[in-house]
Amino acid sequence: MNATDTAAGATGGTAGPDRRERSGRDLRRELGFPGRVAVSWAMASGILTGGVFLAVLTLLDRASAFGLFLTSTALFLGGAAFGFAHGAVLGWMGRDEDMDGAAARQSLGLALMYVIPGLGVSWVAASLISQTVPARFVGGTLPLVGVGVAWLAGAALCAWALREGARALTNGVRRWEDTFVGSMLVIFTFVALLGLFLLDLPELWGTRLRVGTVGAVLLAGFVTTWLSGPAVTLPLWLARRMPGPRILSPPFPAGVRFFSGVGIGSLVGALLAGVAVWLVPSLSTAPALDLGTAPEILVLLSGARALIDELVFRLFFVTCVVWVFRRWHPLHPEEAVAGGVLAGVLMQLLAYMPGYLAQGLPDAGALFQQIAWLTVAPSIAMGLLFVWRGFPAALAGAFVFRLVVGGLGA
């Protein structure tokens with residue numbers, strides 16, 4: 001027996017458990033509540049987008065029954081990823097009070113593994129649900145039974161996701177420090193979206209289906225729930241936990257800073273609007289501008305568009321990017337803030353770029369002038385206002401900018 005064997009024998013009472021611990025046998029296997037929310041929402045979202053949504057489109061003759069398998073899979077993957085991200089955030093913020101952050105992170109880490117077999121099951125259900133119209137035309141017993149079972153399974157998974165999400169939402173609201181401000185902002189966002197959708201009834205993205213009045217109300221509620229709600233709750237939660245030293249202003253400053261921010265933002269918006277009216281060619285073809293409308297409609301549209309833009313591109317993107325940079329990257333506060341502002345500018349530019357390209361200006365110079373003075377310069381200015389004076393300053397600047405351009409540019 002050599003020295004190594006002797007040492008192993010002498011420590012045999014502890015070598016076994018150490019090996020078991022290193023092998024992972026003692027690690028936690030239970031998924032936990034935040035992970036269940038993420039997994040259930042990923043499965044349910046995949047079914048709703050890749051199955052139910054596609055089945056409804058084919059039933060209404062708004063989508064072709066050919067190539068349903070590939071279309072269903074693509075929609076399923078996109079919806080599942082979207083649902084997992086939302087479920088993870090909701091599960092984290094709505095975890096039980098006796099669960100700390102480390103346990104919640106471990107639960108979400110396990111969810112990344114548990115979701116793989118879960119998505120396999122829900123993908124089968126979504127694929128069969130999308131075949132509802134072909135099954136009706138075939139008319140055989142087996143196809144109809146298969147689609148019927150898939151609908152029942154999809155309904156059960158969606159009910160599970162609804163139950164877990166309702167519990168997480170209840171916990172999150174109970175623990176939310178910004179209940180009044182956040183709730184009012186979500187309500188105003190819904191009103192803004194509803195006004196935009198009712199004035200110009202939209203088409204469902206990627207389809208030829210234009211909604212009616214009832215559809216506009218439902219679509220506004222859907223977008224508020226799935227997009228605007230998280231875009232309000234998450235940055236407000238992160239803003240209270242921003243690592244120091246803090247340069248980014250609180251989203252909603254109080255007292256003098258609030259009113260001075262609104263005044264400064266209004267002045268900046270008016271100055272930028274004057275420059276835009278002076279320098280930008282073909283204002284009438286630029287996207288998201290309301291020229292020549294009645295004054296009351298112009299005020300409504302300017303406020304609605306400004307609220308949506310500043311909510312998404314400033315409150316959400318700037319806050320989240322700065323928090324990530326300050327938390328996970330060795331950047332100075334000034335660098336993190338600059339990165340957050342530029343991220344908001346880039347995302348707003350990407351959002352409006354299809355509208356710019358679709359108008360068909362005669363030369364690239366005119367297009368660049370539009371982009372520079374209607375999107376890039378205001379976006380940078382609103383980002384700096386948000387950093388310096390908070391969300392009300394950026395919102396006032398964006399509102400006045402749109403209002404002046406809409407009034408003078410007609």
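For the single chain, residues carry numbers from 1 onward in sequence order.
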To check you understand the geometry: which heavy-atom pair defines the closest contact between [X] and [Y], and what is its length?
| X | Y | answer |
| --- | --- | --- |
| Gly94 | Phe33 | O-CE2, 3.4 Å |
| Ala366 | Pro281 | CB-CG, 3.7 Å |
| Thr179 | Val173 | OG1-O, 3.9 Å |
| Gln131 | Val147 | O-CG2, 4.1 Å |
| Leu119 | Ala80 | CD2-CB, 3.8 Å |
| Phe190 | Gly221 | CE1-N, 3.5 Å |

field: Whether Phe317 and Phe313 hold their rings parallel, tilted or perpendicular, with breakpoints at 30° and 60°
entry: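 It falls in the parallel class, under 30°.
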- prompt: Parallel under 30°, tilted from 30 to 60°, perpendicular over 60°: which one fits the rings of Trp328 and Trp323?
  reply: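 It falls in the perpendicular class, over 60°.
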So, the side chain of [X] versus the backbone of [Y]: is there a donor-acceptor pair under 3.5 Å, distance only?
| X | Y | answer |
| --- | --- | --- |
| Arg402 | Ala288 | yes |
| Ser107 | Ala103 | no |
| Arg314 | Gly390 | no |
| Trp41 | Ala161 | yes |
| Ser122 | Ile47 | no |
| Arg326 | Leu331 | yes |
| Ser40 | Val37 | yes |
| Asp363 | Gly365 | yes |
| Glu177 | Trp237 | no |
| Arg175 | Arg95 | yes |

- prompt: Please walk me through it: do Leu185 and Leu315 pass side-chain contact (heavy atoms from CB on, under 4.5 Å)?
  reply: CA-CA 11 Å; Leu185 197 53; Leu315 182 62; 3.8 Å; yes
Non-hydrogen side-chain atoms of [X] and [Y] separated by less than 4.5 Å:
| X | Y | value |
| --- | --- | --- |
| Pro230 | Val89 | no |
| Gln370 | Thr285 | yes |
| Pro34 | Trp92 | no |
| Val318 | Leu248 | yes |
| Arg36 | Arg167 | yes |
| Leu267 | Val400 | no |
| Leu283 | Leu289 | yes |
| Pro287 | Tyr356 | yes |

task: Could you go through the side-chain contact (heavy atoms from CB on, under 4.5 Å) check for Phe82 and Thr49 one step at a time?
output: CA-CA 10 Å; Phe82 192 68; Thr49 54; over 6 Å; no
Approximate separation, where rounding is to 0.5 Å, of [X] [atom1] and [Y] [atom2]:
| X | Y | atom1 | atom2 | answer |
| --- | --- | --- | --- | --- |
| Thr293 | Leu298 | OG1 | CG | 4.5 Å |
| Met242 | Ser249 | CE | OG | 10.5 Å |
| Thr375 | Tyr352 | OG1 | OH | 7.0 Å |
| Ile187 | Met184 | CD1 | CE | 5.0 Å |
| Leu307 | Ser302 | CG | OG | 12.5 Å |
| Ser284 | Gln359 | OG | CD | 8.5 Å |

query: Sequence neighbours excluded, which residues qualify as side chain to side chain contact (heavy atoms under 4.5 Å, CB included) partners of Val275?
result: Leu279, Trp373
field: Test item: side-chain donor near acceptor, Trp176 and Ser183, under 3.5 Å
entry: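 Result is no, nothing qualifies.
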Derivation of the side-chain contact (heavy atoms from CB on, under 4.5 Å) call for Leu112 and Phe84: CA-CA 9 Å; Leu112 290 172; Phe84 185 89; 3.5 Å; yes
query: Applying the side chain to side chain contact (heavy atoms under 4.5 Å, CB included) test to Val133, which of Leu68, Leu57, Leu59 qualifies?
result: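 Going through Leu68, Leu57, Leu59 one by one, the side chain to side chain contact (heavy atoms under 4.5 Å, CB included) with Val133 is satisfied by Leu59 alone.
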field: Ring centres under 6.0 angstrom apart (Phe391, Phe252)
entry: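 Between Phe252 and Phe391, which both carry aromatic rings, the centre distance is below 6.0 Å.
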message: With a sphere of 6.0 Å drawn around CZ of Arg240, does it hold more than 12 non-hydrogen atoms of other residues, nucleotides or ligands?
response: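 It does: Arg240 CZ has more than 12 such atoms within range.
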query: Just wondering, are more than 12 heavy atoms of other shown residues or ligands nearer than 6.0 Å to CD in Glu296?
result: yes
message: Would Leu300 and Leu199 count as a side-chain contact (heavy atoms from CB on, under 4.5 Å) here? Give the steps.
response: CA-CA 10 Å; Leu300 173 63; Leu199 288 174; 4.0 Å; yes
